[in-house]
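Keep in mind that what you see is a predicted model, and the values were worked out from it rather than measured.
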Amino acid sequence: MVRPRWFAFLVVTGLAGCGGGKSEEGPKMADGPDNLKFPEREVVANPAKISLPAIPELSLPALDPTVHDPRELRVRGKQFLEKDIEVRGYVTWVYDCNAALLALRGAPATAASVQKEIDADPTLCEMPKFHLGATKDAKQVLWVVDVPRPPNKLEREKLPREDLAEWPAVPKFAVGDYVAVSGKFTYTSRRGERNYDGLLQFRALEKSTPTTIADAPPAAALATPPAMKAQEKKPIELEARNASIRNGNDCAQDLERTRIEAALEECHKAIRGWGDNHAAWYLLGLTYFGRKEYTPAQQAFERAVLLAPEDPMYQMMWGVAQFEAVHAIARETEARLTRRSTDQVVADLSKVDLDEALQPLLRAAKADPKLWRAHYYAGRILLAQDRAFDAATHLTSAIRANPAAIAPAVLLVELYRKWDHAEQAVNVAGAVVQNIPSASDAADLNYELAVAYDDASRGSKTAKELEDKAIDAYTKVIDAKRDYHKARFGRGQIYARKKDFTKARADLQAFVSSADSVAYAALKSAAQQQIREMPYR
């Protein structure tokens with residue numbers, strides 16, 4: 001069994017004192033305080049000071065319920081999957097086959113020579129598509145795909161006139177236009193375009209006029225749940241209580257030595273002897289949690305909380321175990337529905353109730369703001385509940401409490417990127433990665449940093465500098481983990497934009513030959529096409 005890091009703060013209960021009273025006819029009863037020690041708190045002593053950006057605006061405009069904003073689909077897209085919707089925004093990019101091939105061919109190719117290539121082989125061109133953004137300079141955009149195109153030269157020459165007469169109308173628009181586009185929101189279009197952030201399969205387009213739209217009213221302030229009252233404890237004989245404490249000590253020692261079965265046996269003995277031994281319940285919860293048996297773990301932590309609700313570690317671990325129990329069930333359900341293994345699926349937590357897991361996490365974070373893991377799990381739940389600002393607040397608190405914590409930083413960077421705040425994403429990733437000495441441990445965060453630099457470079461006056469920084473971050477990922485395939489694809493894309501085709505081809509070919517065909521099917525297809533179109537120079 002691999003022990004979670006929080007096994008380092010085991011509690012060793014102190015033997016109860018001999019206070020108590022004895023009647024002339026009965027045994028001596030325990031009275032006074034129970035002398036049980038609470039676990040050491042999982043906090044970082046004297047954390048390094050870290051400069052993090054202020055939390056930016058994370059609210060969506062209040063639109064007509066039948067109209068959607070491109071940002072809304074990036075943030076809340078799952079609820080609109082496979083539905084016909086209307087989206088309004090600015091056209092930020094339009095695919096131009098001639099321009100794309102001309103950029104790849106370079107000198108001495110000309111627009112006329114490239115057009116001859118296209119006329120001779122129309123398969124050189126991708127299907128028409130464009131990007132839709134909430135603003136004219138949006139970096140995070142919605143793909144609109146399967147857009148009707150005019151017939152190519154071969155089709156004009158070969159197709160019957162009646163077929164050409166029935167050709168779908170080609171919409172007229174240009175970069176900078178504000179348009180209303182309708183279609184189906186999906187992951188994969190009928191013509192094979194794929195984007196796991198979602199894309200719009202084109203149906204119709206009309207020019208529109210942007211209107212002044214008020215922001216949606218802010219969500220109600222996140223309130224900390226009220227304090228809990230301790231459950232009344234039953235009288236216990238002094239000898240039975242001391243025996244329970246000894247069993248609890250043995251459980252802690254077995255757990256420390258990863259003697260899991262022995263730890264379970266001793267914890268159960270401790271609880272059977274004294275049902276109000278909250279330290280033993282907590283240790284039992286840790287034991288089950290280490291075995292990834294989250295339902296019995298959360299039940300044990302709950303008993304500890306009911307007996308001693310004032311301890312923030314008990315509250316935190318109760319919330320963490322509840323989250324993991326729900327998460328495990330959601331993954332198992334998704335795996336069953338998709339006929340895949342649980343390690344191949346990502347559960348949609350927006351569809352499950354996580355309120356009961358959130359409450360003890362909020363209590364723990366309030367009782368001790370240095371409990372970074374309480375903030376982190378609260379942030380995960382708030383993200384699933386579509387409370388972006390509250391999630392960012394807790395994830396920021398987690399990073400401040402533990403500047404070397406990778407998981408909350410990755411989530412916060414992804415959140416900022418999704419909301420088109422590339423600068424904040426770069427600042428968070430750049431600040432945290434400096435506190436992680438291991439290149440292997442830093443790989444995930446360096447990947448997020450690279451993608452954030454890439455986002456920030458789009459349309460920037462300092463694009464070259466930002467692209468170079470993205471390449472440097474991708475290279476650190478690849479050097480640390482040779483099988484981090486997405487990093488090779490990302491670096492190859494930037495090399496191609498910089499017209500360094502030798503390096504771009506090397507990265508994309510390595511990606512195609514190594515990456516898993518199922519997980520990266522769409523990216524492999526895109527990389528293969530890009531390799532075919534790339535000039536050898």
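Lys524 places a side-chain N or O within 3.5 Å of a backbone atom of Val512 that can act as its donor or acceptor partner. Remark: the backbone N or O of Ser457 is not paired with any side-chain donor or acceptor of Ser460 at under 3.5 angstrom. In this structure, Gln201 contributes its side chain and Asp146 its backbone to no donor-acceptor pair below 3.5 Å. Side-chain N or O atoms of Thr186 include none that pairs as donor or acceptor with a backbone N or O of Ser189 at under 3.5 Å. Judged by distance alone, the side chain of Asp177 and the main-chain N or O of Val91 form no donor-acceptor pair under 3.5 Å. Between the Gln434 side chain and the Gly430 main chain, a donor and an acceptor come within less than 3.5 Å of each other. In this structure a side-chain-to-backbone donor-acceptor pair under 3.5 Å is present from His421 to Glu57. In terms of modelled atom types and a separation under 3.5 Å, the side chain of Ser513 and the main chain of Gln509 share a donor-acceptor contact. The backbone N or O of Phe323 sits nowhere less than 3.5 Å from a side-chain atom of Tyr377 that would complete a donor-acceptor pair. Formation of a donor-acceptor pair under 3.5 Å by the Arg505 side chain with backbone atoms of Met534 is found in this model.
Taking both residues in full, the closest heavy atoms of Ala357 and Ile381 are given as CB-CD1, 3.9 Å, listed atom of the first, atom of the second, then distance. Across all non-hydrogen atoms, the minimal contact from Cys97 to Ile118 is SG-CD1, 3.7 Å. Of all heavy-atom pairs between Gly133 and Pro70, the closest is C-CG, 3.7 Å. Of all heavy-atom pairs between Ala401 and Val44, the closest is O-CB, 3.5 Å. Phe202 and Pro171 make their closest contact through CZ-CG, 3.7 Å (heavy atoms, listed as atom of the first residue, atom of the second, distance). Across all non-hydrogen atoms, the minimal contact from Tyr416 to Pro56 is CE2-CD, 3.4 Å.
A distance of 12.0 Å separates CD of Glu332 from CG of Leu337, quoted to the nearest 0.5 Å. Interatomic distance, Asn435 CG to Asp441 CG, rounded to the nearest 0.5 Å: 13.0 Å. Here the CG-NZ distance, from Asp500 to Lys503, works out to 5.0 Å after rounding to the nearest 0.5 Å. Summarising the geometry, atom OG1 belonging to Thr342 is positioned 10.0 Å from atom NE2 belonging to His327; distances are rounded to the nearest 0.5 Å. Taken to the nearest 0.5 Å, the OH atom of Tyr453 stands 13.5 Å off from the CD atom of Glu467. Expressed to the nearest 0.5 Å, how far CG of Leu466 lies from NZ of Lys461 amounts to 13.5 Å.
Taking the centre and axis of the six-membered ring of Phe185, the NZ or CZ atom of Lys83 falls outside the cone set by 45° and 6.0 Å.
Counting heavy atoms from C-beta outward, Glu193 and Leu199 have side chains that approach closer than 4.5 Å. Tyr495 is listed as a side-chain neighbour of Ile471, based on a closest heavy-atom distance under 4.5 Å. The shortest side-chain heavy-atom distance between His131 and Leu142 does not fall under the 4.5 Å cut-off. Residues Val175 and Thr92 have side chains not in contact (no heavy-atom distance under 4.5 Å, counting atoms from C-beta outward). Considering only heavy atoms from C-beta on, Trp143 stays 4.5 Å or farther from Leu200 through its side chain. Side-chain contact between Ser208 and Val179: absent, with no pair of heavy atoms (C-beta onward) separated by less than 4.5 Å. Inter-residue side-chain proximity for Leu58 and Leu415 is flagged as met; some heavy-atom pair is nearer than 4.5 Å. A 4.5 Å side-chain heavy-atom check between Val432 and Ile399 finds at least one atom pair inside the cut-off.
Using a cutoff of 4.0 Å between basic side-chain nitrogens and carboxylate oxygens, Lys139 and Asp455 are not scored as salt-bridged. In summary, Lys464 and Asp468 engage in a salt bridge, as defined by a charged side-chain N under 4.0 Å from a carboxylate O. Salt-bridge check for Glu465 with Lys469: passed, with a basic side-chain N closer than 4.0 Å to an acidic carboxylate O. By the 4.0 Å N-to-carboxylate-O rule, Arg482 lies close enough to Asp479 to be salt-bridged with it. A salt bridge does not link Asp483 to Lys481: none of the charged nitrogens lies less than 4.0 Å from a carboxylate oxygen.
Counting heavy atoms of neighbouring residues, nucleotides and ligands inside a 6.0 Å radius, atom NZ of Lys136 does not exceed 12 of them. Summarising the local packing, CZ of Arg339 is surrounded by 12 or fewer heavy atoms from other residues, nucleotides or ligands at distances under 6.0 Å. More than 12 heavy-atom neighbours from other residues, nucleotides or ligands sit within 6.0 angstrom of NZ on Lys498. The number of heavy atoms from other shown groups lying within 6.0 Å of CD (Glu206) does not exceed 12.
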Pair Trp419-Gln424, side-chain contact (heavy atoms from CB on, under 4.5 Å): steps then yes or no | CA-CA 10 Å; Trp419 282 85; Gln424 285 85 348; over 6 Å; no

Report the C-alpha distance between Gln493 and Gln530 in whole Å, list the side-chain angles of each, state the deciding distance to 0.1 Å, and finish with yes or no for side-chain hydrogen bond (donor to acceptor under 3.5 Å, both in side chains).
-> CA-CA 9 Å; Gln493 295 296 304; Gln530 200 166 7; 2.6 Å; yes

Intermediate values then yes/no, ring pair (Phe, Tyr, Trp, His ring centres under 6.0 Å), Tyr178 and Tyr90 | CA-CA 4 Å; Tyr178 188 83; Tyr90 291 93; 5.0 Å; yes

Stepwise, does the salt bridge (Lys or Arg N to Asp or Glu O under 4.0 Å) test hold for Asp454 with Arg417?
-> CA-CA 11 Å; Asp454 195 2; Arg417 287 188 54 245; over 6 Å; no

Phe389/Leu382 under side-chain contact (heavy atoms from CB on, under 4.5 Å): CA gap, chis, key distance, verdict | CA-CA 9 Å; Phe389 185 85; Leu382 291 163; over 6 Å; no

Does the salt bridge (Lys or Arg N to Asp or Glu O under 4.0 Å) test come out yes or no for Asp84 and Lys184, once each step is laid out?
-> CA-CA 4 Å; Asp84 288 325; Lys184 179 187 284 187; 5.7 Å; no

Run the numbers on Lys476 and Asp472 for salt bridge (Lys or Arg N to Asp or Glu O under 4.0 Å), then give the verdict.
-> CA-CA 6 Å; Lys476 288 178 180 177; Asp472 180 62; 3.7 Å; yes

For Glu414 and Glu448, run side-chain contact (heavy atoms from CB on, under 4.5 Å): C-alpha distance rounded to whole Å, both residues' side-chain angles, the deciding distance at 0.1 Å, then the answer.
-> CA-CA 7 Å; Glu414 290 177 346; Glu448 295 294 338; 2.8 Å; yes

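Tyr376 and His394 have their aromatic ring centers separated by at least 6.0 angstrom. Residues Phe130 and Phe173 place their aromatic rings such that the two centres sit under 6.0 Å apart.
If you check the side chains of Ser440 and Ser438, you find no donor sitting under 3.5 Å from an acceptor. There is no side-chain donor-acceptor pair under 3.5 Å between Glu42 and Asn402. Side-chain polar atoms of Asn152 and Glu155 form a donor-acceptor pair below 3.5 angstrom. Judged purely by distance below 3.5 Å, without hydrogens or angles, the side chains of Ser182 and Glu86 never pair a donor atom with an acceptor atom.
Checked options Asp386, Asp69, Asp197, Asp348; the residue passing with Arg76 is Asp386 (criterion: salt bridge (Lys or Arg N to Asp or Glu O under 4.0 Å)).
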